[in-house]
Novice: 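The structure follows.
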Amino acid sequence: MIDVATSTTPAGAVSARRTTDDIVIGIVGSGGDGVISSGELLVSAAAAEGLYATILKSFGPQIRGGESSCRVRISREEALSYGDRLDVLVAFNWADFARFKEELELAPGVVVIYDSKDGTPVDQIPVDPALEPVILQIPFHELANEATGSSLSKNILLLGVLGELFDLPTDGIAEAVERKFRRKSEEVRAANSKALAAGRAYVLRELAEAPVPLSFVHEKGEPKLLMTGNEALAFGALKAGCRLYAGYPITPSSDVMEWLANELPRFGGTMMQTEDEIAAIGMCVGASFGGTKAMTSTAGPGLSLMTEFLGLASIAEIPVVIADIQRVGPSTGIPTKTEQCDFAHVAHAGPGDTPRVVVAPYDVADCFHMAVEAFNIAEEFQTPVIILSDQYLGQRKESVVPFDIHAWPVVDRLTFGGNGAEPYRRYRQGDGDVSPMAIPGQAGGEHTISGLEHVESGDPTSSSAVHARMNARRHAKLERLARERGAELVRTFGAPNPKLGIVCWGSTSAQAREAARRLNRAGHAVGVCVPQLLCPLPVEPIAAFLEGVERALWVELNHQGQFYHYARARLDLDAAHGHLYARSGGMPFSVQEIVDQVLALGEA
Amino acid sequence: MIDVATSTTPAGAVSARRTTDDIVIGIVGSGGDGVISSGELLVSAAAAEGLYATILKSFGPQIRGGESSCRVRISREEALSYGDRLDVLVAFNWADFARFKEELELAPGVVVIYDSKDGTPVDQIPVDPALEPVILQIPFHELANEATGSSLSKNILLLGVLGELFDLPTDGIAEAVERKFRRKSEEVRAANSKALAAGRAYVLRELAEAPVPLSFVHEKGEPKLLMTGNEALAFGALKAGCRLYAGYPITPSSDVMEWLANELPRFGGTMMQTEDEIAAIGMCVGASFGGTKAMTSTAGPGLSLMTEFLGLASIAEIPVVIADIQRVGPSTGIPTKTEQCDFAHVAHAGPGDTPRVVVAPYDVADCFHMAVEAFNIAEEFQTPVIILSDQYLGQRKESVVPFDIHAWPVVDRLTFGGNGAEPYRRYRQGDGDVSPMAIPGQAGGEHTISGLEHVESGDPTSSSAVHARMNARRHAKLERLARERGAELVRTFGAPNPKLGIVCWGSTSAQAREAARRLNRAGHAVGVCVPQLLCPLPVEPIAAFLEGVERALWVELNHQGQFYHYARARLDLDAAHGHLYARSGGMPFSVQEIVDQVLALGEA
Amino acid sequence: MATALAGIPRAETKLSAKDFKTDLKPIWCPGCGDFGVLAALTKALSEVQVAPENVAVMTGIGCAGRLPGYVNGYGFNALHGRVLPLATGLKLTRPDLLVFAAGGDGDGLAIGAGHFPHAARRNPDITYLMFDNQVYGLTKGQFSPTTPMGDVTTTTRFGSIESPVNPATLAMAYGASFVARAFSGNVNHHAEMILEAFRHPGFAFIQSIPPCVTFRGNEQFKTIRERARWLNTDGNDHDPSDWGAAWEIANQTDIYDMSFGIIWRQARPTYEERLGFLREKAGKRGPAELDSVLDQFRP
Amino acid sequence: MATALAGIPRAETKLSAKDFKTDLKPIWCPGCGDFGVLAALTKALSEVQVAPENVAVMTGIGCAGRLPGYVNGYGFNALHGRVLPLATGLKLTRPDLLVFAAGGDGDGLAIGAGHFPHAARRNPDITYLMFDNQVYGLTKGQFSPTTPMGDVTTTTRFGSIESPVNPATLAMAYGASFVARAFSGNVNHHAEMILEAFRHPGFAFIQSIPPCVTFRGNEQFKTIRERARWLNTDGNDHDPSDWGAAWEIANQTDIYDMSFGIIWRQARPTYEERLGFLREKAGKRGPAELDSVLDQFRP
Ligand SMILES: Cc1ncc(C[n+]2csc(CCOP(=O)(O)OP(=O)(O)O)c2C)c(N)n1
Ligand SMILES: Cc1ncc(C[n+]2csc(CCOP(=O)(O)OP(=O)(O)O)c2C)c(N)n1
Ligand code: SF4
Ligand code: SF4
Ligand SMILES: [Mg+2]
Ligand SMILES: [Mg+2]
């Protein structure tokens with residue numbers, strides 16, 4: 001263990017200062033410590049400098065005053081995942097760290113910084129000595145008090161420390177702080193400057209000789225955007241033309257509605273907080289019947305309640321978009337933690353043969369794209385579309401390469417022109433699997449729809465023959481979607497002619513892609529197949545990927561291997577291509593975990 | 001076409017009088033015609049005589065005064081299915097027949113009887129002449145008026161006609177009529193006798209020479225019971241110890257609650273009609289938390305609404321039974337018609353990795369057994385159990401060989417004795433996959449449960465490690481169930497060493513078994529595999545059955561082949577054993593339809 | 001405050017009640033009270049002179065729920081109990097439509113009970129008509145939330161043991177800004193109630209009594225007709241802006257001892273109006289341009 | 001008529017409020033009003049002297065929903081909005097338990113709004129306490145059905161445009177046979193209200209005001225305490241059997257201008273009692289024997 005107590009000279013064997021272009025910093029503290037705010041400022045600084053960055057936050061069950069942590073990764077190359085292990089750990093307090101220990105794995109040689117106020121002796125801190133940590137105690141409280149008259153500024157002071165200690169972009173940090181507080185009083189901004197300066201000064205003064213083995217190297221580049229998956233998704237919906245959002249608060253989806261509450265009204269749209277999730281999707285279906293693009297978002301418990309309306313939208317062929325920001329289930333589960341456990345539900349829920357479409361974005365930027373895509377598919381195919389995101393994807397903030405929002409096409413539904421020549425038939429057979437929709441207000445298009453099986457006009461029937469025909473019509477749409485769009489909605493990453501393949505979906509793609517990157521560099525030909533379209537299953541492109549590899553591993557973050565089973569029922573999977581690595585969520589996969597599984601597969 | 005107009009002498013080529021021990025009679029009419037009542041009396045007579053009988057009713061969308069039809073099959077051998085084609089058609093009115101034409105296939109040489117009052121000339125009735133029907137016009141209205149002063153008695157008169165014409169047990173019919181009206185006035189009963197006699201007399205007088213090619217032969221046997229699947233299911237629940245039924249009316253499940261409304265109170269139980277299906281299952285979960293066995297029943301739309309509570313019962317490990325009497329879906333679908341289309345939903349609904357058990361009875365008597373079994377499994381495995389019945393199984397009335405209700409074991413949950421030695425832990429790990437439940441009122445067992453992921457005590461946790469362990473615990477129960485009970489809950493029928501196998505479930509088993517019977521007699525070695533336990537899938541016994549056959553056909557009444565896909569994801573199915581015959585519902589399969597498929601498979 | 005109907009385009013030619021009927025033959029039981037409601041609705045529609053294409057009739061499920069198929073216009077026979085969210089979603093995105101929501105007593109007071117208070121308090125400019133026949137008709141005769149205590153039905157074989165709820169007092173307690181009661185046996189009066197509801201800016205609730213002749217006996221028509229009191233005729237003076245008096249009338253639960261007419265009426269901004277103010281306020285955030293939205297993601 | 005608590009076994013030894021607290025440390029925010037409700041509940045429980053094993057505390061989800069974990073007894077922190085069906089199902093199958101149901105304003109008036117009227121009209125002998133903090137606490141500050149119009153929250157950035165509902169008048173309109181209002185800042189009075197609810201035979205509703213210091217500011221405690229009127233003390237005479245007077249008090253919506261105490265109380269048979277009569281009647285059908293049931297299936 002390398003122990004560098006404050007204001008003592010460096011002790012023990014000092015390892016050489018190592019440069020890196022990829023650093024993972026964890027910060028832990030209690031409510032008042034400003035932990036999250038520090039992390040946010042770090043990624044803001046990084047994104048402004050053109051670096052890639054991502055921040056993942058974690059909270060205890062308390063609403064206020066509880067423990068919280070964040071994990072920041074900054075890198076020159078695309079920061080695909082949250083970064084398995086911390087290069088740097090900042091603990092304002094070890095009691096709080098204990099609550100997150102499971103989530104915060106430390107790298108060997110980790111630099112551990114903690115507040116002297118915590119008082120835990122260096123040799124008693126809960127860090128495995130085998131990691132040979134470099135430990136620094138810093139009197140954050142005192143320093144902050146000295147510099148600004150209040151210990152509240154210690155999280156800003158920390159930024160000064162980190163910048164100086166690890167050669168992070170210190171100007172960028174100062175600018176990020178300035179940006180964030182630009183509307184605050186002169187005093188506040190002055191205090192921040194002082195805190196930053198005090199942090200940097202402390203390092204220069206006391207730790208100049210400290211054996212800190214890490215120096216971050218980088219050049220300035222084009223600034224990146226910074227957004228969470230939920231923001232990207234909400235923005236995508238706005239772009240796609242969504243003008244009614246109706247929803248009911250639920251973790252971790254509420255940010256979607258909170259963002260739209262701000263944005264929709266000035267676009268002439270409405271964000272409606274309804275009495276429950278049944279009403280939420282009901283309002284969307286009502287609005288869509290009237291020709292307005294509508295969306296709701298929710299998580300497991302609310303999703304359950306939307307099941308009946310999902311069936312109605314499906315049989316009545318009404319476009320509607322439902323975003324499911326998955327969390328640990330079943331039932332209330334663990335509201336604040338991630339899991340890919342709703343696939344089986346969204347793929348099958350709804351009594352009867354109920355067609356629906358499921359898409360899954362694979363990173364934060366893709367949340368924007370898949371939201372647009374979801375609306376496009378819903379409109380074109382007149383069907384409910386579910387976007388499967390999750391807490392890890394939805395709530396992490398990530399740098400995004402600026403993109404042209406206008407480049408994305410927006411599709412509108414086929415509507416009925418109403419020439420009056422023949423009576424309007426909502427489900428006319430001659431039209432193929434989709435018929436023009438008559439929208440209220442259109443003369444000559446008057447008709448009644450329902451959740452009942454119907455003849456072409458929309459009127460109810462109890463004929464088995466008609467029912468069979470209508471079932472076929474509704475499912476034909478899905479087959480067509482898979483056929484026409486499947487190839488484009490299955491993405492592949494990694495080595496060009498892989499021998500080993502990973503099949504995964506949604507947020508797990510981040511770590512899978514990084515695992516492939518790591519393995520490719522180590523000389524393994526590993527590819528990743530990421531279907532964005534999950535239901536209907538794009539059988540051909542996935543089969544083609546599988547054919548190209550010798551062995552394939554299916555990876556997903558749920559207990560049962562839900563998507564794997566869905567695919568297995570629809571693909572001819574032999575043993576070599578049907579390896580499953582699935583585990584319960586809470587913590588997302590680490591990159592190393594997937595690397596290990598792939599290596600084991602390679603040796604199998 | 002053989003036309004035997006009333007009071008004319010037989011015309012054309014008369015085929016020889018054929019004897020049969022299996023007759024299918026369809027009766028069609030309007031609200032006031034008493035069609036259903038005639039059919040019910042026929043099966044009542046048959047069951048009392050020890051014959052097998054079954055009646056399937058069908059109604060138009062009107063609540064009252066609309067068209068209705070019934071199809072009665074009476075046979076010496078077990079009447080497995082509804083009987084594909086009518087040997088006899090009685091139409092009080094051809095307009096009504098038109099509405100049921102799709103459902104009422106006629107056999108060649110069918111005897112068609114219709115009311116002269118309808119007025120349609122013999123050569124214009126909607127019956128295919130190619131069938132060479134024997135057509136009889138009978139002045140039902142007039143005869144009834146003559147005999148009893150009211151045309152309302154024409155449905156009783158019809159029974160006299162049918163009995164005499166086809167050598168049905170006429171005494172039995174008379175007794176059935178007497179039984180049914182035993183609490184009515186002397187006049188009513190006298191009128192009935194007169195109507196019956198008038199019907200018989202008419203046949204003897206006017207149709208003695210008629211070329212009716214059918215004579216039903218039988219001996220008297222031990223009387224059978226007569227019940228519908230829904231009654232059997234409700235009775236099974238009562239037998240299993242169910243003391244709270246909470247439900248919300250819905251076709252075709254309301255009979256379950258209506259039956260229990262009558263029976264539960266005198267057993268100290270309660271039938272509660274709730275404000276909706278959410279409350280229904282909520283009351284059940286609340287009652288079960290208090291140690292009371294509880295059930296709800298519903299159909300697709302209501303089932304959708306129960307999804308959230310299903311998840312809660314699953315994670316909290318609370319026994320509860322949900323009967324789903326399936327009807328045509330998606331959404332409201334066709335409320336009065338049958339389909340096996342909720343499997344995908346009941347197998348997967350519920351966000352998260354949500355374990356649940358699904359069982360499916362295969363005939364009316366089995367509805368009783370599976371209800372008991374469902375409660376037994378729910379109690380032993382502390383899990384929600386879904387019984388998948390359907391309209392065809394639930395609402396058809398069938399003869400049942402009398403059985404000993406006391407022979408069926410009833411299982412109660414493991415409860416906590418409370419020795420106070422250690423604090424009670426609801427989900428104690430050492431107990432294996434099921435722990436004793438402390439029931440309120442038990443001192444020392446106080447604890448709190450929730451839908452949150454929990455540690456052993458039941459208190460919430462957000463630990464990923466604990467979540468993984470608890471997920472494993474909850475799914476281990478299911479694996480054990482399949483292992484321990486799977487063999488016994490997969491039934492096989494038909495030839496002892498079949499070459500061709502049919503795999504089916506639930507109500508379709510009736511026609512599949514009859515198809516096998518027919519094919520076995522024709523020399524084909526066909527067997528039927530009927531899992532009563534659907535989820536968890538009893539992989540071994542099904543695999544064993546499949547191994548024994550050269551080819552297998554999966555048959556189910558839904559568009560997608562829902563169970564087939566579920567099984568395919570869990571079994572290694574090669575092409576020979578993975579033939580699927582699935583079609584949308586409305587009308588159940590006919591026996592011939594399955595026979596044809598099996599023959600085609602044999603030749604494939 | 002906006003006038004209801006103001007934003008809804010009118011038909012160019014005068015239409016008759018018949019023009020608002022489709023060719024579909026209602027499959028209600030012969031003599032069912034629902035026929036009278038249909039007649040009243042089509043009459044009222046012809047009187048506001050809105051064109052069929054601007055009418056949306058939305059219902060839950062039940063015998064009552066069959067209504068849209070029989071009315072010439074856009075129709076949605078949706079899910080049991082869910083008509084109000086559906087209608088609200090439509091109206092607030094399409095204020096140019098006349099939105100008429102309807103459903104049974106079971107639909108609105110049992111399974112849909114959770115939506116009623118919220119639709120009422122939000123006050124969207126829709127009419128909500130409850131077919132209160134005190135029974136579940138479509139599912140063949142189970143008791144409903146308004147079935148009198150003690151009544152025997154298919155699910156209360158020994159008599160119901162639950163006190164019924166009262167739709168009109170509930171509507172008032174929920175903040176509905178218009179509450180009326182109508183009887184399907186008096187089509188003219190009923191049509192007038194619907195017309196008044198159309199004219200009322202905001203959530204207008206009508207408790208309609210359409211006897212279920214099949215499950216509640218066919219004496220109801222006659223007896224109600226004999227005993228009904230008609231507000232503001234025959235000396236039954238009533239001021240619908242008087243809460244206390246309105247509550248008392250609303251509180252009548254015995255269908256044979258009931259007053260029909262406008263019970264309660266209050267001027268209060270509609271949801272759509274408030275939405276307008278909100279959008280104005282929100283407009284100050286910046287222009288409705290996607291690029292300016294994108295800017296907020298720049299670090 | 002039965003007396004509440006009559007059928008519930010009592011503890012042998014006198015227990016204190018502390019005996020009804022578990023070791024779990026509440027994870028409510030420091031200063032949260034919910035602490036006061038917990039204190040009042042445990043006090044009331046110790047006063048009725050029921051044993052913990054005969055107590056069932058059931059809740060929906062929300063900050064309020066965390067209550068069961070902190071009370072010594074059987075607990076069920078169930079689904080958002082579903083506590084009333086759960087509690088009714090338990091009580092009518094286990095009349096020997098003291099069933100205490102609770103949840104937030106969102107829980108009971110938004111997502112659970114459909115169950116409240118039915119629980120109230122059925123009148124099972126349970127207590128239902130609503131933690132009415134006028135906000136969604138657990139999900140971090142969205143507006144609730146009782147949030148005053150105009151208030152800015154995370155989902156009403158431009159101010160709420162919905163008129164709030166009033167839990168106490170709703171309870172009365174639903175037929176609750178006991179309605180009281182309590183303030184978590186006055187633990188003794190609050191405990192008394194709970195105690196009276198326990199003693200009341202039938203559905204007893206308590207609107208409790210436990211300030212959410214995190215999302216509604218921490219002025220509330222002080223201001224309410226200063227301005228609260230306590231019924232039947234300090235000359236605030238009120239007869240809880242007087243509907244009109246009760247309605248007026250119930251109708252107060254401003255938490256800074258409110259009366260606390262028993263608002264409405266009515267003697268009316270409980271659901272369990274009626275169930276008893278029904279079972280007696282049903283007993284006349286025949287003995288409770290399965291074989292006799294089987295007979296009905298003989299042709
Ligand atoms: C979720 C759901 N549950 C149950 C049903 C069955 N159902 C259809 S209509 C109805 C009640 C009908 O009563 P009411 O609403 O009073 O209408 P009425 O038929 O009397 O006009 C029920 C229970 C359904 N369609 N959907
Ligand atoms: C079906 C469902 N939807 C949404 C949620 C998320 N949720 C949990 S508590 C809550 C509201 C909390 O507000 P309230 O009921 O007033 O309780 P409080 O936290 O204020 O005590 C919500 C929306 C959920 N758990 N389940
Ligand atoms: S059952 Fe009653 S409500 Fe339904 S159509 Fe018939 S009479 Fe009308
Ligand atoms: S958020 Fe509000 S209600 Fe929830 S614990 Fe904190 S103060 Fe209490
Ligand atoms: Mg009704
Ligand atoms: Mg609240």
Side-chain angles (χ1 to χ4, degrees), chain C residues 81 92 108-124 145-146 149-150 152 156-175 177 203 243-244 247-248 250-251 268-285, chain D residues 81 92 108-124 145-146 149-150 152 156-175 177 203 243-244 247-248 250-251 268-285:
Chain C
L92 64 87
L109 300 171
I111 195 165
H115 306 300
F116 193 179
H118 296 281
R121 77 193 182 99
R122 287 182 192 126
N123 206 31
T146 56
M149 176 138 32
V152 172
T156 56
R157 296 289 167 91
F158 309 100
S160 160
I161 60 172
E162 305 192 12
S163 338
V165 301
N166 180 318
T169 49
L170 289 186
M172 285 181 67
Y174 294 160
S177 49
F203 184 82
W243 171 273
W247 183 271
E248 216 164 289
N251 209 15
R268 167 157 106 70
T270 64
Y271 192 83
E272 299 90 296
E273 280 174 90
R274 291 202 178 116
L275 212 49
F277 302 146
L278 187 152
R279 286 184 186 143
E280 243 171 71
K281 232 195 229 177
K284 298 187 184 125
R285 290 200 73 220
Chain D
L92 65 86
L109 299 171
I111 195 165
H115 306 300
F116 192 179
H118 296 281
R121 76 193 183 99
R122 289 183 190 124
N123 206 31
T146 55
M149 175 137 34
V152 172
T156 56
R157 295 290 167 91
F158 309 102
S160 161
I161 60 171
E162 305 192 11
S163 340
V165 301
N166 180 315
T169 49
L170 288 186
M172 286 182 68
Y174 293 159
S177 49
F203 184 83
W243 172 273
W247 182 272
E248 217 164 288
N251 210 14
R268 168 156 104 71
T270 65
Y271 193 83
E272 299 90 297
E273 280 174 89
R274 291 204 178 114
L275 212 47
F277 302 146
L278 186 153
R279 286 184 186 144
E280 242 170 69
K281 234 196 227 177
K284 296 186 186 125
R285 291 199 75 221

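Here is the naming used below: chain letters follow the sequence lines, and residue numbers restart at 1 for every chain.
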Novice: For each of C:Gly159, C:Ala173, C:Pro145, C:Pro164, tally heavy-atom pairs with chain D at distances under 4.5 Å, and name the one with the top tally.
Specialist: C:Pro145
Novice: Which heavy-atom pair separates C:His118 from D:Ala113 by the least distance, and what is that distance?
Specialist: NE2-CB, 4.1 Å
Novice: On the 0 to 90° scale, with breaks at 30° and 60°, tag the D:Tyr174-C:Tyr174 ring pair as parallel, tilted or perpendicular.
Specialist: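 Geometry flag for C:Tyr174 against D:Tyr174: perpendicular rings.
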Novice: To the nearest 0.5 Å, tell me how far C:Ile161 CD1 sits from D:Asn123 CG.
Specialist: 11.0 Å
Novice: Test side chain to side chain contact (heavy atoms under 4.5 Å, CB included) on D:Phe158 and C:Arg285; report intermediate values, then the result.
Specialist: CA-CA 11 Å; D:Phe158 309 102; C:Arg285 290 200 73 220; 3.7 Å; yes
Novice: Picking from D:Arg157, D:Arg122, D:Met172, which has the most non-hydrogen pairs under 4.5 angstrom with chain C?
Specialist: D:Arg122
Novice: What part of C:Leu275 gets closer than 4.5 Å to chain D, counting heavy atoms only: side chain, backbone, both or neither?
Specialist: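 Backbone plus side chain of C:Leu275, per the 4.5 Å heavy-atom cut-off to chain D.
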Novice: What part of D:Arg121 is in contact with chain C, defined as an atom under 4.5 angstrom from a non-hydrogen atom: side chain, backbone, both or neither?
Specialist: both
Novice: Check each atom of D:Ser163 against the heavy atoms of chain C and say whether the ones under 4.5 Å are side chain, backbone, both or neither.
Specialist: both
